[in-house]
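Below: one structure, written as structure tokens.
Here is how names work: the chains are called A, B, and so on, in the same order as the sequence lines, proteins then strands, and each is numbered from 1. This structure is a prediction, so every number in the text was calculated from the model and none was measured. Side-chain atoms are counted along with the backbone in the values below, which use heavy atoms only and exclude waters and symmetry mates.
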Number of protein chains: 4
Amino acid sequence: MRADARRNRSAITSAALLLARERGEAVSMEDIARAAGVGVGTLYRHFPDRRALLEDIAVDTLRELLDATRAEVGRTPAWAALLRIVDHCVALPLALTKSLITSEPERPELPELEVEINALITKIAAKAQREGDLRADVPPTEVVRVLNVAVCRCGARADDHLTRVVLDGLHTPKN
Amino acid sequence: MRADARRNRSAITSAALLLARERGEAVSMEDIARAAGVGVGTLYRHFPDRRALLEDIAVDTLRELLDATRAEVGRTPAWAALLRIVDHCVALPLALTKSLITSEPERPELPELEVEINALITKIAAKAQREGDLRADVPPTEVVRVLNVAVCRCGARADDHLTRVVLDGLHTPKN
Amino acid sequence: MRADARRNRSAITSAALLLARERGEAVSMEDIARAAGVGVGTLYRHFPDRRALLEDIAVDTLRELLDATRAEVGRTPAWAALLRIVDHCVALPLALTKSLITSEPERPELPELEVEINALITKIAAKAQREGDLRADVPPTEVVRVLNVAVCRCGARADDHLTRVVLDGLHTPKN
Amino acid sequence: MRADARRNRSAITSAALLLARERGEAVSMEDIARAAGVGVGTLYRHFPDRRALLEDIAVDTLRELLDATRAEVGRTPAWAALLRIVDHCVALPLALTKSLITSEPERPELPELEVEINALITKIAAKAQREGDLRADVPPTEVVRVLNVAVCRCGARADDHLTRVVLDGLHTPKN
DNA sequence: AATGAATGAGCGTTCATTCAT
DNA sequence: TATGAATGAACGCTCATTCAT
């Protein structure tokens, strides 16, 4: 792939990611192209269609989240690791990602990545339980779903009030 | 209003409510008409435009929720009242409602109803705090926001595991 | 025909005539019905379709103009008769009438009435020429066309400035 | 602008001009597109909406008429200049132009051009009066209105019989 | 006979996608 | 290869016409 082609591809991806976060799934191809500083034709050279472009963003998103999550596996305390993961999610268009996964995506990586990420988080959650920071009555697999709820509304941060309250439902306060 | 017109109007409202719950705000008038078993013209006889139809559904939704909420004011224990309200929300397209309120609706009832409902819930939450069932460190006004998070993903029920866990973040266990 | 049916029919015709004069050919059936104080169904009981209603108005209009024109035949001076006919036209939706005649009307009376009216006016014009009030170099058949031009813009009156100027092209001033 | 785009734009304008002359303001975008041999989308690439397209035609029309009128200012005899201007109007969709100007157009050029053209014609008319070819009892500003009447019915030509008769109302025959 | 609710073809417009330049 | 002009299916909406009440 030529240097300019690579530059274009990444300009498109960045623009789409930005706009998807701002305006949700309703972004138009024309707008993405303009924001990326290229013509629409260039979008279609890099991605066969709209869905492919969005799914590509979602894959990138999840890959990055997978990396961030992997980096937290094994760290102590595990509870702090979970909070850092939540913080990491803030910048990601996870609502778009969710919606794509739900509607039978073309790319198999999407559900696969989700599964992998969830498995890691489950593992970290189990560790947090062993360390006494996570309520023992919550199955670790359930923690993932709660995090989803906490994170998928826009702008969740582990240290804002709302998210704190939601997460505290999971937390075992050290007495 | 004629009998058939009333039948059609309710068919339209039901169909729109169903589709709005399934596909979000992206429902087309054509699809609603087909699902209701009427022509598009009939939609426009009953509602001046698309937005009016959706806002009407939202108003109905919130009025029903207001009634349900009013019925719970003063009941004891207040915590149980909150759980019943959440259960009531399951069948309602609150995501649509939220999205309409955010985007400067024509109908002033929409924000008004939201405010009124939130005030009542805040009141019930304060009572739950006095009764020792709700964590004292959460401002009652904040409870509303947590319930929104718990409820606006599809299919929240007070007795499913996820919602339970989220709500338990707010609950003061009787020791 | 029952008395109320006759009343309705004339209410419809009057309303349509009024609206056609105000808003041109773009009147909607709904608006005519509302202005006549009846339901649309009643329009369609009396007239098979929109075109039929408009053509009916046009026929009435031309019949009335024919009567008015007949009343002027033989009066002296013929030039004054022509001016009275022009004045009479002011209240008539002749632009609508013209446009219907042009576009292959269903009702044969329309072109027939036009021909008949034109013949009478031609006759009166010839008389005005013999009386020395109408320029001798204008074929009497041409006078009709000039009157059309003078009359078909809205609000022509024989005594307004513009029409005067136009008509004076036909007039032989008595020296 | 690309060669094909320029070709298309002019095809659209021509087609619209033709159809507007035939069917008046009631032309549909679909029909214009078909007559121009392009898709509807192409119309909307060149003009933001229907009104913009029609007003654009009207502006072009009036600009051309302004040029033609300017070319006649100062020519002698002024009466012949007026006749040439009328002849020029034949090919223009002035009825459409009139109707757009009446209904609060977006483009300010429309009323401006009309005013400018009328001023020039008034000037030429005054000259024709000084030269003794135009009746002295008609205010020059009125001449414009008579020309409008003469010209706005389709196919006015200074040398057809009808227009001749109408204009002769303004003419002072050299004895 | 009268009503007005229902119908659906058609219009103006948008936007994902294709293709000439 | 990149561009953006062209395409046309689909949407929101209107209105002449039909039909249940």
Measure from [atom1] on [X] to [atom2] on [N] and round the result to the nearest Å.
{"X": "D:D49", "N": "E:dC11", "atom1": "CG", "atom2": "C1'", "answer": "13 Å"}
{"X": "D:R50", "N": "E:dT13", "atom1": "CZ", "atom2": "C1'", "answer": "13 Å"}
{"X": "A:L53", "N": "E:dC15", "atom1": "CG", "atom2": "C1'", "answer": "15 Å"}
{"X": "A:L19", "N": "E:dA16", "atom1": "CG", "atom2": "P", "answer": "12 Å"}

Go through the steps to decide whether B:R9 and B:T13 satisfy the test side chain to side chain contact (heavy atoms under 4.5 Å, CB included), and finish with yes or no. CA-CA 6 Å; B:R9 193 183 202 285; B:T13 310; 4.1 Å; yes
A:R51 or D:D4, whichever maps to the more 5' nucleotide of DNA chain E: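 The answer here is A:R51.
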Would you check, one step at a time, whether the test side chain to side chain contact (heavy atoms under 4.5 Å, CB included) holds for D:L18 with D:R21? CA-CA 5 Å; D:L18 203 68; D:R21 203 148 57 207; 4.0 Å; yes
Any idea which heavy atoms bring [X] and [Y] closest together, and the distance?
{"X": "B:D4", "Y": "B:R2", "answer": "OD2-NH2, 3.0 Å"}
{"X": "D:L17", "Y": "D:P93", "answer": "CG-CG, 4.2 Å"}
{"X": "D:L43", "Y": "D:L53", "answer": "CD2-CD2, 4.3 Å"}
{"X": "A:P105", "Y": "A:P111", "answer": "CG-CD, 4.1 Å"}
{"X": "C:Y44", "Y": "C:D49", "answer": "CE2-CA, 4.0 Å"}

Going 5' to 3' along DNA chain F, between which two nucleotides do contacts with chain C fall, using a heavy-atom cut-off of 4.0 Å?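 Range of nucleotides within reach of chain C: F:dA16 to F:dT18.
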Side chain proximity check, B:T42 to B:H46, heavy atoms < 4.5 angstrom: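 In contact.
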In dot-bracket form, 5' to 3', how is DNA chain F paired? Count Watson-Crick and G-U wobble pairs only if both distances fall under 3.5 Å, and write | where the partner sits on another strand. .||||||||||||||||||||
Per-pair distances, 0.1 Å, donor-acceptor, side chain in residues 22-34 of chain B, under 3.5 Å, sequence neighbours excluded:
residue	atom	partner	partner atom	Å
B:R23	NH2	B:D31	OD2	2.6
B:E25	OE1	B:S99	OG	2.6
B:S28	OG	B:D31	N	3.0
B:D31	OD1	B:R34	NH2	2.8

Would you mind writing out the side-chain donor-acceptor pairs for residues 56-66 of chain B within the sub-3.5 Å range, not counting sequence neighbours?
residue	atom	partner	partner atom	Å
B:D56	OD1	B:R107	NH1	3.1
B:T61	OG1	B:I57	O	2.8
B:E64	OE2	B:H88	NE2	3.0

DNA chain F contacts among residues 30-45 of chain D, heavy-atom distance under 4.0 Å: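 Those residues are D:V38, D:G39, D:V40, D:G41, D:T42, D:R45.
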Could you say whether A:N8 or B:R2 is positioned toward the 5' end of DNA chain F, judged by the nucleotide with the nearest heavy atom to each?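 Its nearest nucleotide lies further toward 5', so the answer is A:N8.
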Residues in salt bridge (charged side-chain N to carboxylate O under 4.0 Å, His left out) with A:R51, at least two apart?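 Partners of A:R51 by the salt bridge (charged side-chain N to carboxylate O under 4.0 Å, His left out) criterion, ordered by chain and then number, come out as A:E55.
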